[in-house]
Amino acid sequence: LEVRDLLTAFEHFQGMIGKPGPYFFDCQVIAHNHFCGNAGQGASDVFQIGEAGRDVEPEDIFAALRAAAQDEVLTDVRSNYGRSYYHEGFRLSSDGKTVRMIWGS
């Protein structure tokens, strides 16, 4: 992870503040890890930021990032299924509603 990647993520997330939610953070851990078999089945690696009808606040972004960092299924998939991870950055979806983590291996 490089500083420029953090800056890009910050800019994407900052653009959500004060705008009506919801937005989303897609960490793509399950999508990237095809070795996990059923471990990630039924789980989501997309976390909602804010709520419909309410402007997004910084705490909404922090809450989504905390939820992703503390998610037990994602931790299990990252730790136990033999997939290496190399973070390649962040991208904003074409509709501007989802920040996606990009992975290589």
Side-chain angles (χ1 to χ4, degrees):
L1 183 64
E2 295 186 19
V3 172
R4 68 186 158 109
D5 295 327
L6 291 173
L7 181 59
T8 297
F10 178 76
E11 290 169 346
H12 292 326
F13 287 124
Q14 185 179 29
M16 299 173 181
I17 296 171
K19 295 180 181 170
Y23 284 84
F24 302 91
F25 172 56
D26 182 357
C27 63
Q28 297 199 349
V29 169
I30 293 173
H32 181 72
N33 195 325
H34 61 272
F35 298 107
C36 67
N38 292 331
Q41 191 171 14
S44 176
D45 51 8
V46 178
F47 297 85
Q48 185 170 315
I49 300 171
E51 299 172 7
R54 185 176 60 78
D55 288 351
V56 171
E57 298 176 4
E59 181 54 35
D60 297 320
I61 296 166
F62 295 134
L65 294 173
R66 275 189 219 101
Q70 297 169 355
D71 187 274
E72 290 181 24
V73 174
L74 295 184
T75 299
D76 182 45
V77 168
R78 282 191 310 258
S79 301
N80 297 314
Y81 290 95
R83 180 77 169 186
S84 61
Y85 288 89
Y86 176 75
H87 184 258
E88 293 184 343
F90 295 88
R91 289 200 185 114
L92 191 60
S93 63
S94 60
D95 66 0
K97 295 293 242 178
T98 303
V99 175
R100 291 191 176 98
M101 291 183 81
I102 307 302
W103 297 101
S105 46

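- Between M16 atom CE and K97 atom NZ the span is 8.5 Å, to the nearest 0.5 Å.
- Connection of L92 to I49 is established within a shared hydrophobic cluster, with ILVMFWY side chains joined at heavy-atom distances below 4.5 Å, either directly or through further cluster members.
- Note that OG1 of T98 and NE2 of H12 are 11.5 Å apart. Values are rounded to the nearest 0.5 Å.
- Between I17 and P58 there is a side-chain heavy-atom pair separated by less than 4.5 Å.
- When side chains are defined from C-beta on, V56 counts as touching Y23, because their heavy atoms get closer than 4.5 Å.
- A donor-acceptor contact shorter than 3.5 Å is absent between the side chain of D71 and the backbone of A68.
- Separating the CD atom in E51 from the CD atom in E57 is a distance of 9.5 Å, to the nearest 0.5 Å.
- Sequence neighbours left out, the pairs with a member in residues 15-29 that pass salt bridge (Lys or Arg N to Asp or Glu O under 4.0 Å) are D26-R100.
- Cluster membership check: F90 shares its hydrophobic cluster with L65, using side-chain heavy-atom separations under 4.5 Å among Ile, Leu, Val, Met, Phe, Trp and Tyr.
- For R66, the salt bridge (Lys or Arg N to Asp or Glu O under 4.0 Å) test picks out E59, with sequence neighbours left out.
- Inter-residue side-chain proximity for Q48 and P22 is flagged as met; some heavy-atom pair is nearer than 4.5 Å.
- Using a 4.5 Å heavy-atom threshold, the side chains of V99 and F13 count as touching.
- D60 contributes atom CG, which lies 15.0 Å from atom CZ of F25 (distance to the nearest 0.5 angstrom).
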